[in-house]
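As a basis for the values below, the full set of heavy atoms in this structure was taken, side chains included, without hydrogen atoms, waters or symmetry mates. Numbers restart at 1 for each chain; the letters A, B, ... are given by sequence-line order, proteins then strands.
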Amino acid sequence: MQLDHLNQKQKAAVTAPSGPVLVLAGPGSGKTRVLTHRIAYLVQQLGIAPFHILAVTFTNKAAQQMQVRVESMVGESMRGIWMGTFHSSCARILRREAAYLPFDSNYVILDSDDQIGIVKNILKEENINDKQFRPYTVHSDISNAKNNLVGPDELSVDTQREKVTQRVYQRYQQTLFANNALDFDDLLFWSVKLLNEHPAVRDAYARQFEHVLVDEFQDTNLVQYALLNHLASYHGNIFVVGDEDQSIYRWRGADYRNVLRFEKDYPNAKKILLEENYRSTQVILNAATQVINRNSNRTIKDLRAAREIEGNKIILHEAYDDRDEAVFVVDTIRRLMDHGNAKGSDFAVMYRTNAQSRLLEEAFLKSGLDYKLVGAQRFYGRLEIKDLIAYLRLIHNPADELSFSRIINTPKRGIGPKTLQDLLAAAHAANISPGELVLSLGLEGDKSEHWGHFASRNLNTLAFFGRQFAGWLDARNDLHLPELLDMVIEDIAYEQYLEENSSTRENATDRMANVHELRRLTYEYEEAGLEVFLENMALVSDQDTLPEAADAPTLLTLHAAKGLEFSTVFLVGLDQEILPHSRSLFEPEELAEERRLFYVGMTRAENQLYITRADRRSGYGSYSDCEPSEFLKDIPLECLEVAGRPGSTRHHHRAAGSSGGDWNQYVGPQRGASGINTGTRVFRVPGANRPETEKKYHPGMRVRHPSWGEGIVLDSRVYDEEETVDITFEDVGFKKVLASIVRLEILD
DNA sequence: GGGCAGTGCGCATCT
DNA sequence: CGCACTGCCC
Ligand SMILES: Nc1ncnc2c1ncn2[C@@H]1O[C@H](COP(=O)(O)OP(=O)(O)OP(=O)(O)O)[C@@H](O)[C@H]1O
């Protein structure tokens with residue numbers, strides 16, 4: 001193995017002797033690289049068997065990539081290594097140790113819709129007002145409790161609200177166990193419970209894991225930290241890497257103070273700081289540093305560009321509205337791909353909320369440019385996928401009442417809420433599951449002891465379904481997964497159901513395509529089987545399915561961008577109430593996290609960073625005005641080039657000229673002793689943006705200038721009834737042209 | 001039971 | 001504006 005691609009400090013971390021190690025360092029300093037090298041070093045130099053290594057990453061994708069990289073470095077298979085996310089590692093432990101736990105080893109993992117659905121049912125059954133107790137909120141309270149290792153009976157019940165929450169929590173957990181189901185938080189919660197309460201089990205794992213390594217340590221929560229302590233309790237070789245400034249999952253219980261806790265719990269920990277940044281240009285790093293320096297309670301860090309490239313300025317584009325903003329992004333990418341030597345995969349567009357991807361997608365589609373979209377529940381969240389998964393779950397566990405209830409009337413069988421209630425009641429009375437009940441109806445017919453409970457009209461359909469169900473159960477062990485799925489799809493005439501229940505032809509085709517994609521996916525599990533397939537469907541999210549091959553720009557949220565890097569990054573929607581998000585504005589801690597989110601986004605860029613915002617955005621069908629994000633003020637002026645409209649450009653020049661390029665000084669007054677950030681109007685020029693005259697020139701047009709020749713219009717804006725056009729000319733490059741003075745000929 | 005129109009609210013970010 | 005939920009009628 002080579003260590004030459006590492007600097008001295010990185011080498012020190014990779015080859016650190018046994019014992020706890022804490023690598024704390026800024027973005028792009030090679031933390032992930034160090035972790036990867038460390039694993040290779042352990043296996044190759046120290047002869048540690050992969051089986052004795054646990055490496056925890058933040059996403060499944062990162063785990064896969066890390067495994068591939070280690071394997072190519074070491075030149076041998078890492079078979080046996082425990083490499084995965086907290087959730088997948090816990091899922092694995094729980095399957096093996098279910099004997100100690102209140103559920104069976106073939107448990108299923110519920111998705112968030114299922115979880116919310118259960119809460120809704122409980123609220124209804126308990127006659128709790130769902131306006132006062134929003135299912136979403138109650139569920140999130142339960143989730144928070146679990147992430148703090150609080151079970152239903154340990155919940156504090158001082159207020160009426162907490163009492164209700166406790167009641168729902170208790171019933172929620174009962175429902176899950178009754179269906180042999182777990183939610184995401186349970187995976188962590190029960191793993192820690194297990195290791196807490198069964199020292200022998202804990203020791204077995206702690207002895208197995210000679211080395212425990214954790215990436216993105218700043219985003220671990222209390223349960224995860226407890227888990228790590230257990231798993232490293234025998235050998236004490238715990239190697240964690242992280243950066244407090246990149247902690248962006250506070251809302252999910254993550255606590256960067258785990259870093260402090262770690263130092264306290266492992267006082268002999270070797271602490272290594274990495275200072276070189278191998279990713280970005282100095283301009284980007286300077287700007288990012290200024291932005292993050294406004295957060296308090298942190299160690300001030302210097303980010304030094306190891307590449308020793310000053311780099312281009314950050315380009316700030318202020319658009320008329322959010323549609324123009326999206327069009328600007330796509331046009332710029334197109335321009336750089338057409339006229340530069342950039343390829344699609346050099347670009348990423350990052351945003352705060354998934355909803356923001358829509359206008360970008362539209363702009364990409366319109367321009368005919370391919371793109372990759374990460375996340376946003378485009379596949380796993382679809383009804384047709386969830387329906388079929390529910391069938392497979394029911395086949396996997398015939399006692400699964402939740403899946404049964406979901407599919408018994410999909411496709412329509414005439415079994416409505418009323419009949420379902422009767423069915424569930426009859427099953428409970430007989431102490432069996434509804435699945436078993438219909439099996440009995442189907443196989444024993446009128447000799448079934450349950451035959452008498454139902455109206456004859458329903459009996460036929462239920463018995464018919466029971467026989468189909470029996471057929472699937474018979475086939476379950478003989479057929480491979482794709483064949484089993486085919487059998488179900490055919491038996492229930494699902495394709496026909498989709499045809500008949502889709503609003504349009506395209507819609508039906510689209511849904512069919514999803515079914516085929518699911519079918520394709522099952523081929524990857526021919527060997528592994530149903531249980532593994534179901535687990536991956538729950539734990540591998542859209543987030544992890546970045547298509548590797550396609551050479552196209554990536555669209556993703558800032559959260560999904562964590563750990564990634566791109567040559568050119570667009571951070572869009574830098575407006576107050578978007579980033580920072582409106583819901584974060586009241587809590588200083590949350591606002592600080594929004595700032596970190598911006599910081600994470602900025603530091604994804606290797607060479608060029610674009611930041612965009614819009615003066616108005618659409619929402620709920622109408623437009624509303626936007627103010628620039630308060631974070632923009634902290635970008636030093638000398639790092640910035642302002643474009644997009646005449647007002648802001650002029651503003652910029654004046655500012656730069658008058659105060660030696662110091663933005664804060666220019667913005668001055670609102671940065672006073674009070675320390676309160678006001679005056680976000682930095683980029684705003686009154687009345688500058690509403691076009692009084694129609695634009696004549698549009699992005700993408702070819703035009704001819706009398707003296708500069710031919711060029712492509714990038715953008716244009718109307719100000720004081722005059723149109724200024726941004727053009728890239730073939731010969732003379734980028735110019736701004738005042739169209740009322742110069743005769744511009746449109747060529748297309 | 002199912003399909004329809006009428007009402008109301010916007011449930012961030014992810015496993 | 002668009003979806004989720006409600007209440008009404010066949
Ligand atoms: N010593 C080095 N020499 C050359 N390139 C390096 C070196 N160390 C890291 N890099 C490169 O720098 C980039 C950032 O590394 P890496 O992703 O490991 O950083 P990180 O600290 O994990 O970043 P982040 O915290 O932003 O996720 C990668 O492209 C990596 O290959």
Worksheet item: Nearest of dC14(B), dC1(C), dG1(B) to any side-chain atom of Tyr620(A)?
Response: dC1(C)

Discussion item. Classify Gln224(A) by what it touches in the nucleic acid, base, sugar-phosphate, or nothing, heavy-atom distance under 4.0 Å.
Written reply: nothing

Fill in: Between Glu500(A) and Gln496(A), a side-chain donor and acceptor under 3.5 Å
yes

Discussion item. Nearest whole Å is fine: how far is dC1(C) C1' from Glu362(A) CD?
Written reply: 13 Å

Practice prompt. Provide the distance between the two C1' atoms, one in dA4(C) and one in dT13(B), to the nearest whole Å.
Written response: 23 Å

Discussion item. Which residue in the set Asp387(A), Asp114(A), Asp400(A) passes salt bridge (charged side-chain N to carboxylate O under 4.0 Å, His left out) when paired with Arg393(A)?
Written reply: Asp114(A)

Fill in: Gap between atoms CZ and C1', on Arg358(A) and dG2(C) respectively (whole Å)
10 Å

Fill in: Any donor-acceptor N/O pair, Asp104(A) side chain to Asn106(A) backbone, under 3.5 Å
no

Worksheet entry | Sole residue of Tyr107(A), Phe184(A), Phe177(A) in ring pair (Phe, Tyr, Trp, His ring centres under 6.0 Å) with Trp190(A) | Phe177(A)

Worksheet item: Asp219(A) has an atom CG; how far is it from atom P of dT15(B), in whole Å?
Response: 12 Å

Worksheet item: Across the strands shown, which category fits Pro417(A) at heavy-atom distances under 4.0 angstrom: base, sugar-phosphate, nothing?
Response: sugar-phosphate

Discussion item. Between the base of dA12(B) and the side chain of Glu590(A), is one N or O donor paired with an acceptor at under 3.5 angstrom?
Written reply: yes

Worksheet item: Between the base of dA12(B) and the side chain of Arg583(A), is there any donor-acceptor pair under 3.5 Å?
Response: no

Practice prompt. Output the single nucleotide from dA12(B), dC5(C), dT15(B) whose closest atom is nearest the side chain of Lys120(A).
Written response: dC5(C)

Practice prompt. Specify the separation, in whole Å, of atom CG of Leu534(A) and atom P of dT15(B).
Written response: 18 Å

Worksheet item: Expressed in whole Å, how much space separates the C1' atoms belonging to dA12(B) and dC5(C)?
Response: 23 Å

Discussion item. Please check this pair: side chain of Thr410(A) against backbone of Arg406(A), looking for a donor-acceptor N/O pair closer than 3.5 Å.
Written reply: yes

Response to the item:
Ranking dC11(B), dA12(B), dG3(B) by distance to the side chain of Arg134(A), first place goes to dC11(B)

Discussion item. Output the rounded distance in Å from CZ (Arg352(A)) to C1' (dC14(B)).
Written reply: 11 Å

Fill in: Atom-to-atom span, CG of Asn536(A) to P of dT15(B) - whole angstrom
13 Å

Practice prompt. When you get a sec, tell me which of dA12(B), dC11(B), dG2(B) is the closest nucleotide to the side chain of Asn409(A)?
Written response: dG2(B)

Practice prompt. Would you confirm whether Glu126(A), through its side chain, and Leu123(A), through its main-chain N or O, come within 3.5 Å as a donor-acceptor pair?
Written response: no

Worksheet item: Does Ile415(A) or Lys131(A) map to a spot on DNA chain B nearer the 5' end, using the closest nucleotide for each?
Response: Ile415(A)

Practice prompt. State, to 0.1 Å, how close Ala62(A) and Thr57(A) come at their nearest heavy-atom pair, and which atoms those are.
Written response: CB-CB, 4.0 Å

Practice prompt. Could you say whether Asn458(A) or Pro135(A) is positioned toward the 5' end of DNA chain B, judged by the nucleotide with the nearest heavy atom to each?
Written response: Asn458(A)

Fill in: Residue Asn354(A), side-chain heavy atoms: nucleotide from dT13(B), dC11(B), dA12(B) that is nearest
dT13(B)

Discussion item. So if I take residues 245-252 of chain A and measure heavy-atom distances to DNA chain B, which residues fall below 4.0 Å?
Written reply: Tyr249(A), Trp251(A), Arg252(A)

Worksheet item: If you look at every strand shown and take non-hydrogen atoms under 4.0 Å, does Thr419(A) touch a base, only sugar-phosphate, or nothing?
Response: sugar-phosphate

Worksheet item: Do Val214(A) and Phe86(A) come within less than 4.5 Å of each other through their side chains, counting heavy atoms only?
Response: yes

Item to complete: Return no unless some side-chain N or O of Thr557(A) is found under 4.0 Å from OP1 or OP2 of dC14(B).
Response: yes

Fill in: Separation of atom CD in Glu577(A) from atom P in dG10(B), rounded to whole Å
15 Å

Practice prompt. Provide, to the nearest angstrom, the distance between the CZ atom belonging to Phe58(A) and the P atom belonging to dT13(B).
Written response: 15 Å

